[in-house]
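Everything below concerns the one structure shown next.
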2 protein chains.
Amino acid sequence: MAKITIKKIAHDLKLAVSTVSKALSDSHEIGTDTKQRVLDYANQMNYVRNAYASSLKNSRTGNIAVVIPEVADSFFALAINGIETIAQEKKSHVLIYLTQENQAKEKSIMEDFRNGRVDGILISVAGGNTSYPHIRDLQERNIPIVFFDRVAQGVTSPRVVTDDFESGYKATHHLLEKGCKRIDFLSLSGNLSIIDARLEGYKKAISDRGESASRSHVIVCTNDNVHNENILASLLERKENRPDGIIASVEKLTLITYTVCTRLGISIPDEMKVVGFTSLPSAALLQPSLTTITQPAFEIGQTAAKLLFELLEKKSKQSPNKMVLLPSLLHERGSTQIKT
Amino acid sequence: MAKITIKKIAHDLKLAVSTVSKALSDSHEIGTDTKQRVLDYANQMNYVRNAYASSLKNSRTGNIAVVIPEVADSFFALAINGIETIAQEKKSHVLIYLTQENQAKEKSIMEDFRNGRVDGILISVAGGNTSYPHIRDLQERNIPIVFFDRVAQGVTSPRVVTDDFESGYKATHHLLEKGCKRIDFLSLSGNLSIIDARLEGYKKAISDRGESASRSHVIVCTNDNVHNENILASLLERKENRPDGIIASVEKLTLITYTVCTRLGISIPDEMKVVGFTSLPSAALLQPSLTTITQPAFEIGQTAAKLLFELLEKKSKQSPNKMVLLPSLLHERGSTQIKT
DNA sequence: GTGAAAGCGCTAACAC
DNA sequence: GTGTTAGCGCTTTCAC
């Protein structure tokens with residue numbers, strides 16, 4: 001099948017390309033009759049405008065980038081879902097990039113955005129970054145960026161986040177209420193906004209309880225799951241001074257906690273209570289069912305995408321430090337139940 | 001920051017644009033010295049080639065499309081992961097499209113690929129399609145398409161799949177071995193290749209056992225989870241002639257089975273044994289741990305992507321009905337355990 | 001209301 | 001080895 005272009009339509013209809021172009025964009029300066037003729041013919045020929053040729057003229061590709069650490073995580077999967085609903089509404093296209101929590105990869109990915117690959121960017125940053133030259137660089141080129149969930153600390157750009165401090169507090173408070181004496185916090189290395197905030201909430205809850213904040217025990221996990229399992233196992237194996245409560249600050253750490261407890265024969269919730277930050281649909285079906293802090297992942301994705309399209313549409317640079325905060329929910333389940 | 005183009009570099013370096021262009025693509029017909037000068041300057045200026053401008057000349061955008069029913073499913077999430085690793089290797093970019101199991105949406109999405117939006121397509125088709133004009137249309141335009149997992153029946157194009165028939169057989173056989181008397185198969189409406197094959201395997205296992213294949217009980221589920229829960233509940237509520245084994249042919253049906261059993265107080269595996277097709281990392285942690293048929297999702301994604309790039313690179317149209325089959329694994333766990 | 005022409009950023013003949 | 005030029009498909013003044 002021959003490629004069908006505006007030029008071909010013009011030729012076939014004995015019109016000028018400019019006329020066809022205008023007709024296709026429903027310009028008022030084209031007669032209703034010609035317009036209809038063009039539209040009909042284009043339709044009949046299955047014409048689709050070459051988006052990238054247009055982009056050369058008007059610098060709008062109709063593509064947006066979504067940069068995330070991973071996709072096999074319920075939060076990100078749902079967020080993508082949310083983003084996609086809005087993108088489809090806006091007839092826009094979504095490019096996905098996985099950083100695998102690797103800052104170098106994130107950097108190199110974003111360097112590719114410097115010249116018109118995408119119109120705008122939604123990003124949840126990788127851990128390990130301390131400064132964000134690759135993000136600032138794009139900002140200077142006036143490429144709109146919206147953060148969701150994990151924001152680049154110190155960079156000013158619109159963002160959609162959850163109440164991480166409060167959730168950290170809530171989770172900890174909940175465990176304390178359930179009688180935990182030693183609660184450990186499983187964090188993720190790498191200077192992440194969400195982890196920092198959750199951790200602060202945790203510390204605050206501990207100190208509010210009258211315990212010294214220095215009594216808090218933070219286990220720093222990494223991106224290496226085998227390593228994490230080992231750390232956790234050696235923590236839980238010891239017979240004395242073992243935590244009786246754990247807050248897993250991200251999904252994968254939650255699952256590892258369950259795995260290790262199962263392996264070591266540690267009973268949840270009797271010997272160990274667990275709260276996990278996760279949006280897993282199967283949380284209620286785990287053994288035992290998992291008490292979670294659940295973020296409104298879908299809505300976060302939607303909101304972030306909407307924000308981005310606002311930036312894209314009205315070039316009016318709305319307040320660049322706009323922040324939308326969507327609250328998380330504590331779902332109390334079996335993993336924090338008091339022995340009866 | 002001003003936009004930096006090949007033209008600007010040429011001007012600054014007092015060279016012709018073509019010289020710069022060739023230098024940047026490391027053409028042999030450019031002197032080593034000038035080449036270096038151009039490369040250095042481009043680097044210093046943070047020059048990035050406008051991919052879409054090039055695409056106008058050589059019809060290669062560097063973008064590929066991945067069209068899937070949903071992303072909040074472990075199989076697809078892992079498959080995307082696999083695809084992405086290959087894409088990054090190939091310096092290619094991945095556009096994600098979710099059809100939500102909606103054929104009309106799939107069609108309209110793919111119509112957008114008719115004019116150079118992407119170089120090639122990876123697709124796992126939505127349910128409900130009986131013919132695939134939108135796919136054939138793209139084929140006629142010589143846009144490479146590779147199917148993975150769910151193929152369009154009757155359409156000839158390279159594909160990466162699992163041994164669905166055998167897995168259906170294995171799952172059923174396993175349940176029969178575990179003493180199940182009535183095994184119900186939870187299928188998904190919509191003429192899906194994978195479901196059909198799994199179902200055939202199921203029927204064969206039943207009839208091999210000497211039971212009439214007509215004794216097989218297929219529960220057709222839809223894309224509406226509330227509806228599915230209701231169907232399942234009314235099936236499981238009845239006191240007589242209730243199945244004692246269930247094969248959930250996709251992930252979400254597995255979780256619904258667990259949910260409904262929990263709600264109705266039906267004990268798995270004592271009163272009901274369950275095998276689920278899923279790649280959920282949490283399968284082993286469910287209550288009870290779930291016996292699964294697990295597809296090598298990551299590898300499927302990788303393999304499909306590799307196939308696509310082969311098509312893209314050597315324009316040599318390799319055998320269009322090439323098929324790669326990667327086997328699934330049966331993981332026996334608690335949900336099919338015999339009462340001790 | 002319609003058309004001619006220039007140009008977006010880049011590539012590839014083809015000249016020199 | 002380097003430059004000139006045409007053109008990819010589209011949009012947008014500016015004439016008519």
Side-chain angles (χ1 to χ4, degrees), chain A residues 1-39 41-42 45-63 112-119 141-142, chain B residues 1-39 41-42 45-63 112-119 141-142:
Chain A
M1 183 181 294
K3 201 185 301 184
I4 152 93
T5 71
I6 223 174
K7 192 169 170 182
K8 175 161 171 43
I9 296 184
H11 173 263
D12 290 359
L13 260 40
K14 306 203 184 321
L15 288 172
V17 284
S18 57
T19 311
V20 176
S21 172
K22 286 171 191 162
L24 287 173
S25 28
D26 199 27
S27 162
H28 39 265
E29 49 178 316
I30 299 294
T32 342
D33 38 348
T34 2
K35 201 181 281 185
Q36 199 53 51
R37 222 156 53 90
V38 171
L39 255 37
Y41 189 67
M45 295 273 91
N46 280 334
Y47 171 77
V48 173
R49 179 201 258 96
N50 181 320
Y52 301 140
S54 325
S55 88
L56 263 195
K57 288 299 289 186
N58 55 26
S59 13
R60 295 274 278 94
T61 63
N63 291 164
D112 240 75
F113 300 156
R114 289 193 290 212
N115 211 334
R117 172 75 62 177
V118 296
D119 300 337
R141 292 168 198 256
N142 291 316
Chain B
M1 184 180 295
K3 202 186 299 185
I4 153 91
T5 72
I6 222 173
K7 192 169 170 183
K8 175 162 173 41
I9 296 184
H11 173 262
D12 290 0
L13 259 38
K14 304 205 184 323
L15 288 171
V17 284
S18 61
T19 311
V20 176
S21 172
K22 285 171 191 161
L24 287 173
S25 28
D26 199 27
S27 162
H28 39 266
E29 49 178 314
I30 299 294
T32 343
D33 39 346
T34 0
K35 202 182 278 183
Q36 200 52 52
R37 222 156 53 88
V38 171
L39 253 38
Y41 190 67
M45 294 272 92
N46 279 333
Y47 171 76
V48 173
R49 176 200 260 97
N50 181 320
Y52 300 140
S54 327
S55 88
L56 222 43
K57 286 298 291 186
N58 55 25
S59 13
R60 295 273 279 93
T61 63
N63 290 165
D112 242 74
F113 300 156
R114 288 193 291 214
N115 211 334
R117 172 77 62 177
V118 297
D119 299 337
R141 292 169 198 255
N142 290 317

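Just so we're on the same page: letters track the sequence lines, and every chain starts at 1.
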A:Asp33: partners by salt bridge (charged side-chain N to carboxylate O under 4.0 Å, His left out), with sequence neighbours left out
none
Has B:Thr34 got a side-chain N or O lying under 4.0 Å from the OP1 or OP2 atom of D:dT2?
yes
Do you know which two heavy atoms are closest between B:Arg49 and B:Ser25, and how far apart they sit?
NH2-CB, 4.0 Å
Here's a test of your reading of the structure: between A:Ile30 and B:Asn50, which maps to the more 5' nucleotide of DNA chain C?
A:Ile30
Could you write out each protein N or O paired with an N or O of nucleotides 12-16 of chain D at a distance under 3.5 Å?
none

Distance from B:Ser54 atom OG to B:Ile6 atom CD1, nearest 0.5 Å?
8.0 Å
The residue, B:Ser25 or A:Lys35, whose nearest nucleotide of DNA chain C is more 5′ is A:Lys35
Please name the pair of heavy atoms, one in A:Thr61 and one in A:Ala51, separated by the smallest distance, quoted to 0.1 Å.
O-CB, 4.2 Å
Only counting residues at least two apart or in another chain, list the ones meeting salt bridge (charged side-chain N to carboxylate O under 4.0 Å, His left out) with A:Arg114.
A:Asp137
Consider side chain to side chain contact (heavy atoms under 4.5 Å, CB included). Of B:Asn63, B:Asn50, B:Asn115, which one does A:Tyr52 pass it with?
B:Asn63
Looking across every strand, which nucleic acid part, if any, lies under 4.0 Å from A:Ser55 by heavy atom: base, sugar-phosphate, or nothing?
nothing
A:Arg49 has an atom CZ; how far is it from atom C1' of D:dG9, in whole Å?
11 Å
Are B:Leu24 and B:Leu39 packed together at the side-chain level, in the sense that at least one heavy-atom pair is separated by less than 4.5 angstrom?
yes
Using a cut-off of strictly less than 4.0 Å, decide whether A:Tyr47 has a side-chain nitrogen or oxygen near OP1 or OP2 of D:dC10.
yes
Is A:Arg60 close enough to D:dT11 that one of its side-chain N or O atoms is under 4.0 Å from OP1 or OP2 there?
no
Table please: side-chain donor-acceptor pairs of residues 9-21 of chain B below 3.5 Å, with sequence neighbours left out.
unit_1  : atom_1 : unit_2  : atom_2 : d
B:Asp12 : OD2    : B:Lys8  : NZ     : 3.0
B:Asp12 : OD2    : B:Tyr41 : OH     : 2.4

Determine, stepwise, if the pair A:Val48 / B:Phe113 fulfils side chain to side chain contact (heavy atoms under 4.5 Å, CB included).
CA-CA 8 Å; A:Val48 173; B:Phe113 300 156; over 6 Å; no
Nucleotides bounding contact with chain B, strand DNA chain C, heavy-atom threshold 4.0 Å
C:dC8 to C:dC14
Are any of the side-chain heavy atoms of B:Lys22 and B:Thr34 separated by less than 4.5 Å?
no
For A:Ile30 against A:Lys35, the heavy-atom pair lying closest together:
O-CE, 3.7 Å
In whole angstrom, what separates B:His28's NE2 from D:dT2's P?
13 Å
For residues 5-16 of chain A, which residues have at least one heavy atom under 4.0 Å from DNA chain C?
A:Lys14, A:Leu15, A:Ala16
